[in-house]
Undergrad: 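Mind looking over this structure? Questions follow.
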Amino acid sequence: MNHLTQREADLARSALDFLHSLEGAQVSELQVHAAILRDVAVIPKPSASEVESIVKSMDARQWIVGTPGFASGKMKWSISDAGEAARLRLN
């Protein structure tokens with residue numbers, strides 16, 4: 001697996017911190033994006049494509065777990081044990 005750039009690490013840290021705060025709840029990619037936008041440490045603010053890219057990267061690293069939503073079929077995300085460990089390394 002490739003190393004993350006500093007920008008990717010910042011986005012992943014922000015997303016993982018948000019998912020950690022939910023204590024196992026699942027959220028949409030849109031909610032992850034909104035949380036990153038609220039993070040004052042992430043400058044400049046990410047585009048939707050950047051968030052989509054970091055979500056795919058975290059999924060490939062098994063830092064997050066995706067489950068298709070029952071009604072919409074859109075993925076809902078939560079942090080995994082590997083994501084908790086990565087969050088500690090990134091902070």
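The figures that follow rest on heavy atoms only: side chains count, while hydrogens, waters and symmetry mates do not.
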Undergrad: Roughly how far apart are Glu52 CD and Glu29 CD, rounded to 0.5 Å?
TA: 5.5 Å
Undergrad: Side chains of Thr67 and Gln26: do they bring a donor and an acceptor to under 3.5 Å?
TA: yes
Undergrad: Quick check: is Leu22 connected to Leu90 through a chain of hydrophobic side chains (ILVMFWY, heavy atoms under 4.5 Å apart)?
TA: yes
Undergrad: Give the cluster check for Leu30 versus Val32: same hydrophobic cluster or not, with ILVMFWY residues linked at side-chain heavy-atom distances below 4.5 Å.
TA: no
Undergrad: Ion pair present between Arg13 and Asp39, side-chain N to carboxylate O less than 4.0 angstrom?
TA: yes
Undergrad: Ser14 and Ala35: which non-hydrogen atoms are nearest, and at how many Å?
TA: OG-O, 4.3 Å
Undergrad: If you group Ile, Leu, Val, Met, Phe, Trp and Tyr by side-chain heavy-atom gaps below 4.5 Å, do Val55 and Val65 land in one group?
TA: no
Undergrad: Could you tell me the separation between the NE2 atom of His33 and the CZ atom of Phe18, rounded to the nearest 0.5 Å?
TA: 12.5 Å
Undergrad: Which value, rounded to the nearest 0.5 Å, describes the distance between Ile64 atom CD1 and Leu16 atom CG?
TA: 7.5 Å
Undergrad: For Ala25 and Ser78, which heavy atoms make the closest approach, and how far apart are they?
TA: O-CB, 3.6 Å
Undergrad: Is atom CD of Glu84 surrounded by more than 12 heavy atoms (other residues, nucleotides or ligands) closer than 6.0 Å?
TA: yes
Undergrad: Has Lys45 got more than 12 heavy atoms of other residues, nucleotides or ligands less than 6.0 Å from its NZ?
TA: yes
Undergrad: Is any side-chain heavy atom of Ile36 closer than 4.5 Å to a side-chain heavy atom of Leu11?
TA: yes
Undergrad: Within the structure provided, determine whether Pro68 and Lys74 are in side-chain contact (heavy-atom separation under 4.5 Å).
TA: no
Undergrad: At what distance, to the nearest 0.5 angstrom, does CG of Asp81 lie from CH2 of Trp63?
TA: 14.5 Å
Undergrad: Atom CD of Gln6 and atom CD of Glu8: how far apart are they, to the nearest 0.5 Å?
TA: 10.0 Å
Undergrad: Rounded to the nearest 0.5 Å, what separation is found between the CE atom of Met58 and the CZ atom of Arg87?
TA: 13.0 Å
Undergrad: Have Glu50 and Ser53 got a donor and an acceptor in their side chains that come within less than 3.5 Å?
TA: no
Undergrad: Do Ser80 and Arg61 have side-chain heavy atoms sitting under 4.5 Å apart?
TA: no
